[in-house]
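See below for the structure under consideration.
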Amino acid sequence: MPDVMSNSRLVGVGVGPGDPELVTVKGVNALRAADVVVVPVMDTGERGRAEATVLHYVPEEKVVRVVFALNERTDRARREAAWDAAGERVAELLRGHGTVAFATIGDPNVYSTFTYLAQTIGELVPDAVVETVPGITAMQDLAARSGAVLTEGTEPLTLVPVTAGSAVLKDALAGPGTVVAYKFGRQAAEVAEALRETGRIEDAVWGSALGLTEESIRPAAELDGAPLPYLSTLIAPARRDGGRGGKL
């Protein structure tokens, strides 16, 4: 039977792509105001990017690590079981604390684990208030660091997780506007092939570990088929040949 709680709050806080300086003031305030800050970790136990970022702003004793099967892509039952267990753990924290923050890389409403957690908490603790604090995304950070312009004038912007398959990426690249690809590191060879087939490789750029010591930002034309870090991001800018303001 669902727990009934009042005055409890679950706040999903976007902490950006990794650079601690890219956490918003509102995000820092939300982390510090929370009674506890939950960070997702893989079942292998290593410190994730969200946890490393959070520790720049809150003491370690305030941080609670909760295991999610973030690296599980094939065993749906195992993944669902991990989500259920994580939801139960966060529900337990809500029983003893007024406000629980959940730190997620990027933005909590863009391909975030927080979405699944919020759905589970909605069932377990229906009276809990669920809120989000937006965060800077990897595509924004890569655009700033590489000089790639995401959109101009009436151009559309398409965001594709390459975990959906390279065919989805090819369809996007064949269309107008800028295409951003997330999570493409393990399929770097297929991404490079799609860029070449659609004539979009020359202006494209990819990056990983943005803002961290191991940061890498390179032209997509240098992709040689070797696997890249899983959380790599790609920007293939729109074709722009109309001069300044050509697409207004």
Side-chain angles (χ1 to χ4, degrees), residues 1-72 76 78-138 140-141 182 211-212 231:
M1 186 173 180
D3 297 304
V4 178
M5 293 288 298
S6 60
N7 301 319
S8 57
R9 294 169 64 243
L10 175 65
V11 185
V13 181
V15 296
D19 183 346
E21 292 187 337
L22 290 181
V23 185
T24 67
V25 173
K26 186 168 185 176
V28 172
N29 289 340
L31 294 172
R32 289 175 174 168
D35 299 301
V36 294
V37 177
V38 172
V39 294
V41 295
M42 292 192 294
D43 52 8
T44 47
E46 65 263 29
R47 176 174 290 170
R49 199 172 295 181
E51 181 178 3
T53 304
V54 162
L55 290 175
H56 284 267
Y57 297 105
V58 299
E60 191 167 2
E61 57 267 24
K62 189 175 178 176
V63 176
V64 176
R65 309 174 98 218
V66 174
V67 173
F68 285 78
L70 301 175
N71 58 339
E72 183 54 71
R76 183 178 178 86
R78 178 172 173 267
R79 188 174 63 231
E80 294 278 356
W83 288 344
D84 288 343
E88 292 282 0
R89 177 68 178 113
V90 174
E92 178 185 345
L93 291 169
L94 283 167
R95 297 184 192 106
H97 303 281
T99 301
V100 175
F102 180 90
T104 177
I105 60 170
D107 182 279
N109 293 304
V110 180
Y111 299 130
S112 170
T113 308
F114 181 75
T115 304
Y116 314 126
L117 176 63
Q119 292 174 354
T120 305
I121 292 301
E123 297 169 359
L124 296 175
V125 193
D127 283 359
V129 175
V130 178
E131 304 171 353
T132 58
V133 176
I136 292 171
T137 61
Q140 292 170 289
D141 195 13
Y182 274 3
L212 306 176
L231 289 178

Q: Take V23 and H56 through the side chain to side chain contact (heavy atoms under 4.5 Å, CB included) test and state the conclusion after the steps.
A: CA-CA 10 Å; V23 185; H56 284 267; over 6 Å; no

Measuring from atom [atom1] of [X] to atom [atom2] of [Y], what distance do you get when rounded to the nearest 0.5 angstrom?
| X | Y | atom1 | atom2 | value |
| --- | --- | --- | --- | --- |
| M42 | R65 | CE | CZ | 10.0 Å |
| D107 | I136 | CG | CD1 | 10.0 Å |
| I105 | Y111 | CD1 | OH | 13.5 Å |
| E92 | R89 | CD | CZ | 4.5 Å |
| E88 | I121 | CD | CD1 | 8.0 Å |
| T132 | L10 | OG1 | CG | 10.0 Å |

(Q) Using every non-hydrogen atom in the two residues, find where P17 and D141 come nearest and quote the distance to one decimal. (A) CG-OD2, 3.3 Å

Q) At their closest point, which heavy atom of P134 faces which heavy atom of P108, and how far apart are they? A)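 Looking at all heavy atoms of both residues, the closest pair is CA-CD, 4.2 Å.
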
When you measure from the side chain of [X] to the backbone N and O of [Y], does any donor-acceptor pair fall under 3.5 Å?
| X | Y | value |
| --- | --- | --- |
| D35 | V100 | no |
| K62 | R32 | yes |
| Y57 | G27 | no |

**Q.** Within 6.0 angstrom of Y116 OH, more than 12 heavy atoms from elsewhere
**A.** no

Q) Are E60 and R47 close enough for a salt bridge, meaning some N to O gap below 4.0 Å? A)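 Counted as a salt bridge, because a side-chain N and a carboxylate O are separated by less than 4.0 Å.
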
